[in-house]
Amino acid sequence: MPVQDGSELVRYVVENIVNTGQLVSVPEYLTPDYSLHKTGLSVPAGPEAFKMAVRQWRSAFPDYHLTVEATIAEGDLVACRYIATGTHRGSLMGMPASGRGFAVHGTDVHRLVDGRIAESWLADDIARLLHDLGLLRPVASGSWT
């Protein structure tokens, strides 16, 4: 599908690739040297890294879904605010399935080159996700704010 602008491209990738797990068209939307930046995560460059990350999340959370709440585009950058949801049905980084669901907010920033995503910086609430899955307990106050 041809996209008109950066915001539309990011929404398309989220809705038609990440949310469905249909990875065949990834190279059409990411540059060959695509780079993914996420604190605590080290992945190789290229569209295969993106595919690997999507496969990993969809394997652990078969119903993994991102709902884009807003996008903001400026120059070659697109920021995307979203809610991620899913049910922990498979192993994730050595953590066995808990059967519990999660809902976390996140904001990603993507840099575009020639109508494709060249770089992504991912920022989500991993502490909330681990808490929702029963893998992390709040300290001190006994509740999350």
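The figures here come from the full heavy-atom set of this structure, side chains too, leaving out hydrogens, waters and symmetry mates. Sequential numbering from 1 along the given sequence is applied to the chain's residues. If you're wondering where the values come from, they're calculated on a predicted model, not measured in any experiment.
- Checked by atom type and distance alone, the side chain of Asp33 never pairs as donor or acceptor with a backbone atom of Ala45 at under 3.5 Å.
- With Arg111 contributing its side chain and Asp76 its backbone, the two residues share no donor-acceptor pair below 3.5 Å.
- Taking the six-membered ring for Trp and thresholds of 30 and 60 degrees, Phe102 and Trp57 have ring planes inclined between 30 and 60 degrees apart.
- Heavy atoms only, all atoms of each residue included: Asn19 and Leu66 are closest at OD1-N, 2.7 Å.
- Across all non-hydrogen atoms, the minimal contact from Ala73 to Val78 is CB-CG2, 4.1 Å.
- To the nearest 0.5 Å, atom NZ of residue Lys38 and atom OG of residue Ser120 are 12.5 Å apart.
- Hydrophobic clustering (ILVMFWY, side-chain heavy atoms < 4.5 Å, transitive): Leu135 and Leu92 are in one cluster.
- Nearest heavy-atom pair across Met95 and Leu130 is SD-CD2, 4.0 Å.
- Looking at every heavy atom in both residues, Gly90 comes nearest to Ala97 through N-CB, 3.6 Å.
- Interatomic distance, CG of Asp124 versus CD1 of Ile83, reported as 13.0 Å (0.5 Å rounding).
- A distance of 7.5 Å separates CG of Asp5 from OG1 of Thr71, quoted to the nearest 0.5 Å.
- To the nearest 0.5 angstrom, Leu122 atom CG is 7.0 Å from His110 atom NE2.
- Heavy-atom contacts from other residues, nucleotides or ligands closer than 6.0 Å to CG of Leu77 number more than 12.
- A tilted orientation is assigned to the rings of Tyr29 and Tyr12, their planes being inclined by 30° to 60°.
- In this structure, Ser59 OG and Tyr64 OH are separated by 13.5 Å, a value rounded to the nearest 0.5 Å.
- One N or O on the side chain of Asp63 and one on the backbone of Thr87 form a donor-acceptor pair closer than 3.5 Å.
- Distance alone, capped at 3.5 Å, is enough to place a donor-acceptor pair between the Arg116 side chain and the Pro27 backbone.
- Atoms CD and CD, on Glu15 and Glu8 in that order, are 10.0 Å from each other to the nearest 0.5 Å.
- Closest heavy-atom contact between Glu119 and Tyr34: N-CD1, 3.9 Å.
- Considering all non-hydrogen atoms of both residues, Leu136 and Ala127 come closest at CD2-O, 3.7 Å.
- Between Phe61 and His88, the distance from one ring center to the other falls under 6.0 angstrom.
- Hydrophobic clustering places Leu133 together with Val104 (ILVMFWY residues linked when any side-chain heavy atoms are closer than 4.5 Å, directly or through intermediates).
- Ion pairing between Lys51 and Glu48 holds under the 4.0 Å rule for side-chain N and carboxylate O.
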